[in-house]
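For reference, the structure is listed below as structure tokens.
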Amino acid sequence: MTDALRIVVAEDSLLFREGLVRLLGELGHDVVAAVADTPLLREAVEEHRPDVAVVDIRMPPDHDSDGARVAAYIRSDHPSVGVLLLSQHIELRHCLELIGQPGFGYLLKDRVLHLADFDESLRRVAADGVALDPQIVQALVRARPTPGLGLTPREQEVLALVAQGHSNAAISTALHLSDRTIEAHMRSIFTRLGLTDDGSTHRRVRAVIAYLETGGQPSGGDPSAR
Amino acid sequence: MPPGPIRCHDVAMAPAAARSMLAAGSVVPLLGIGIGLGTVGGSPADSAAHAACLVAVAIGWLLHHRDRSSPVAPALAWSSAAVSLVALNDTLAASWYTDGPLPLASLSRHVWAGLWPVNLAGLFALLLVFPDGRRRGRYWSALPFAYALAVASMALAQWDAQQAGGEVVGESSPLRSAAGLVGIVLVAACLVSAVISLVLAYREGGERRRLQVRWLMLAGATSVLLLICGWVAEALGASIDAAYTPFILSIVVLVPAAVGIAMIRHDLFDVDRILGTGGSWLLTLAVSAGVFGVVVTTISRTFGAHAGLSQASAAFVTAIVLLPLHHLLVTLVGRVVDRDRHVAIAQIEQFAADVRSGVRQPESIEEVLREAQGDPDLALVLRRPDGQWVRLSGEAVGAPDGIRVEVAGDLIAVVELGWDSARARRRIADLTRAAWVTIEVSRLRSVLRDALDEVSASQTRLAEAAATERHRLERDLHDGAQQRIVATGMRLRILQRHVGGHAASELETAVDELEQTVRELRDLAHGVRPIRLSDGLHAALEAVRDASPVPVSLSVREPATLDETRRVTAYLVISEAVTNALKHAAATRIEVSVDDLEGRVLVMVSDDGVGGVLAPGPTALRDRVLSVGGQLTVRSPAQGGTTVTALL
């Protein structure tokens with residue numbers, strides 16, 4: 001394991017919060033604060049400036065998508081703090097604009113039981129990367145073709161994994177392909193999406209955003225407008 | 001006194017003149033009584049006759065008291081006083097030929113026999129002025145003078161003639177004969193004109209005047225009937241006094257009484273009905289007697305003189321025709337003398353027939369009653385079984401005051417009259433008797449409508465409660481059980497890191513089990529209420545589409561005002577319909593559309609499957625749709641394809 005992350009945990013259920021704190025400790029991270037509602041979360045983030053805030057999407061006082069709203073606030077006001085949202089189920093209303101952006105992750109809660117994946121997701125988010133639950137990506141894009149992008153099925157498959165936040169190496173393992181093939185697919189994807197290489201990792205992120213915007217949007221309208 | 005019609009063509013008279021004439025008319029019978037009692041030539045019977053004439057005089061005074069300019073009052077008084085005057089003159093004239101002639105006897109003997117037209121002068125005046133005064137116009141104003149001329153002519157024709165044993169004895173000459181002819185013609189012409197005047201008054205008058213005239217008709221018809229009875233009695237051998245006394249009494253008592261009622265309380269009794277019933281019974285009697293006579297005559301002529309047989313047959317035939325005949329005559333006579341009521345009841349009966357044949361709604365009964373009653377302010381208030389009073393519109397009102405409508409002792413409604421009178425009350429009673437079925441039907445329909453509204457409201461409340469409950473249950477599953485299991489899994493994971501070997505792999509299995517359980521719980525919660533519904537109907541339906549093994553095309557336009565209950569219902573209807581199409585229809589493609597229909601949701605699911613689903617479609621679907629007050633149609637031709645449409 002590499003160096004420890006400084007983490008703020010926001011979760012209203014005591015049982016889950018304590019479990020999470022212990023689990024993160026077990027993973028070698030430093031939980032600097034564990035809070036139970038959104039106002040306290042804001043205070044803790046401002047005070048500790050952690051690497052990552054692990055936030056439950058439903059929290060007091062409203063028990064609606066308050067977590068998602070605070071996540072948006074943290075990402076805009078404290079860009080150095082990564083946010084990993086946790087949810088019992090897929091709930092996209094308030095976090096569509098965050099999904100695909102760097103420094104933001106969204107996992108289903110039971111995903112924390114896979115310690116290695118969870119740890120990796122935390123680290124990706126802390127490093128301004130993306131971490132999306134496969135189910136969430138699936139919910140957004142499904143297995144249907146995205147005609148607006150003009151990608152081949154294989155390219156879509158690759159891009160879906162990129163959207164989940166996986167590295168080229170992890171994708172090549174998952175698809176039983178060589179790293180070079182994956183790189184070729186990525187280049188083809190960038191070309192098709194008209195993304196020129198400007199020397200930053202942002203091209204990758206922009207590809208994901210383009211993918212999610214087209215694939216994640218229902219044909220009947222823009223869900224984020226509801 | 002209720003306001004009468006405007007007198008546009010009637011000539012009233014000066015109160016002073018009316019009073020003088022009444023006074024004069026009062027003096028005559030009183031004189032008659034006095035002479036009858038106090039002189040040798042008079043008799044107590046004569047006095048009684050004069051006294052009877054006072055009835056009309058008294059009623060005349062009463063009418064004068066009510067309306068001082070009414071010419072009916074003196075005319076009524078003189079209708080009897082004139083008879084009294086002629087009788088008085090008879091007494092005076094007769095006394096001339098006795099030992100002790102009364103004063104003025106020398107004068108009155110000249111006109112003894114010729115004064116008879118005076119008998120009818122009062123009645124003539126009454127017919128002319130009843131009920132609102134003499135008609136305008138030269139002809140009508142000339143009539144009294146014509147009658148005076150007739151009296152004078154008759155007096156001239158029978159000047160100095162004597163009456164002896166009912167015969168008139170006197171000299172004859174061409175001049176006298178001519179005067180007599182002129183007198184008779186004038187009297188007849190005047191009387192006919194007076195009757196015409198009354199008929200015109202009836203035809204041109206409003207309802208009130210017609211009613212007043214009907215009272216006079218009733219009295220007149222009775223008098224005529226009694227006169228006929230008198231003739232029959234005389235023919236059968238009764239004495240003249242006994243035979244004609246009822247007729248005389250009806251003239252001097254019944255006619256004044258009828259006029260009095262007509263002028264003061266024309267709606268005291270239902271003169272229409274009395275006239276109608278009396279007239280129709282009279283005609284029934286006459287026609288039955290005719291039938292009896294014809295049958296007796298026919299049979300006895302055909303079969304010889306078997307009196308017993310012919311009478312029995314006649315009785316039999318008469319009995320058979322009596323009732324139908326009477327019904328027929330009641331209708332016919334009713335149409336003539338009681339036209340308004342018959343027309344009104346016919347209106348109600350026509351309406352009831354229209355309701356039966358489905359042309360009109362029973363709720364129109366109030367309008368129909370208003371029209372039939374001629375009362376635009378009439379209101380029908382229904383009494384519901386719970387004792388509450390409601391209008392036909394359903395508006396609740398306090399306990400009303402009016403004409404009660406009862407069915408088998410049960411009060412079902414009350415009619416509030418805009419124009420209340422004894423007559424209006426009788427009329428509406430007749431009408432409601434004819435209309436009770438429609439009133440009862442509209443009452444029961446109002447109760448039924450409310451009950452259905454209540455059922456529908458309670459269904460909607462239940463659906464709302466169920467939707468809330470689903471939401472709560474889903475949250476409980478996510479935030480309770482699921483959360484707890486994941487927390488336990490985390491503990492196990494931590495534990496796992498501190499143990500090794502077999503225990504670690506056991507814990508791995510246990511955590512896998514827990515994860516499986518969480519997934520199951522998530523699916524369960526999704527079945528209770530798909531969490532993606534929170535992201536809108538489209539998001540939730542995408543999940544349905546993605547779960548389907550056959551292509552599902554989606555077109556969703558969700559109303560902005562869609563509430564949770566209808567959103568859940570729309571979702572469940574669609575997912576059930578899709579499931580049905582997959583399970584039973586062997587569909588190869590399914591189309592789902594959700595449309596915004598001015599705030600209502602139109603849901604349509606169609607497939608290309610086998611079709612032939614029986615109307616009205618699956619019960620579960622129907623119940624779901626009805627529970628939010630929606631409509632469900634299932635079109636499924638036998639040749640294939642099913643379209644489920646729900647409007648929420």
> Which heavy atom in B/Arg497 sits nearest to a heavy atom in A/Leu27, and how many Å separate them?
Replying inline: NH1-CD2, 4.1 Å

> Nearest heavy-atom pair of B/Gly489 and A/Leu113: which atoms, and what distance?
Replying inline: C-CD2, 3.2 Å

> Only one of A/Val112, A/Asp110, A/Leu24 forms a side chain to side chain contact (heavy atoms under 4.5 Å, CB included) with B/Met490, so which one is it?
Replying inline: A/Val112

>> Test salt bridge (Lys or Arg N to Asp or Glu O under 4.0 Å) on A/Lys109 and B/Glu515; report intermediate values, then the result.
In response: CA-CA 10 Å; A/Lys109 275 186 174 173; B/Glu515 273 190 275; over 6 Å; no

> Does a sphere of radius 6.0 Å around CZ in B/Arg635 hold more than 12 heavy atoms from other residues, nucleotides or ligands, not counting ones at 6.0 Å or beyond?
Replying inline: no

> If you count heavy-atom pairs under 4.5 Å between each of B/Val486, B/Thr488, B/Leu477 and chain A, which one has the most?
Replying inline: B/Val486

> Can B/Gln483 and A/Glu11 be counted as having a side-chain donor-acceptor contact under 3.5 angstrom?
Replying inline: yes

> Which atoms of A/Leu20 come close to chain B, meaning under 4.5 Å heavy atom to heavy atom: side chain ones, backbone ones, both, or neither?
Replying inline: both

>> For a side chain to side chain contact (heavy atoms under 4.5 Å, CB included) check, start with the C-alpha distance between B/Arg493 and A/Glu26, then their side-chain angles and the critical distance, and finish with the verdict.
In response: CA-CA 10 Å; B/Arg493 278 288 188 225; A/Glu26 200 67 36; over 6 Å; no

>> Using every non-hydrogen atom in the two residues, find where B/Arg522 and A/Gln88 come nearest and quote the distance to one decimal.
In response: NE-O, 3.0 Å

> In terms of heavy-atom pairs under 4.5 Å, which option from B/His498, B/Arg557, B/Arg519 contacts chain A the most?
Replying inline: B/His498

> Out of curiosity, B/Ile494 CD1 to A/Leu115 CG, how far, rounded to the nearest 0.5 Å?
Replying inline: 8.0 Å

> Hey, does the side chain of A/Arg22 reach the backbone of B/Arg491 with a donor-acceptor pair shorter than 3.5 angstrom?
Replying inline: no

>> So, taking the atom named CZ in B/Arg484 and the one named CZ in A/Phe16, what distance separates them when rounded to the nearest 0.5 Å?
In response: 13.0 Å

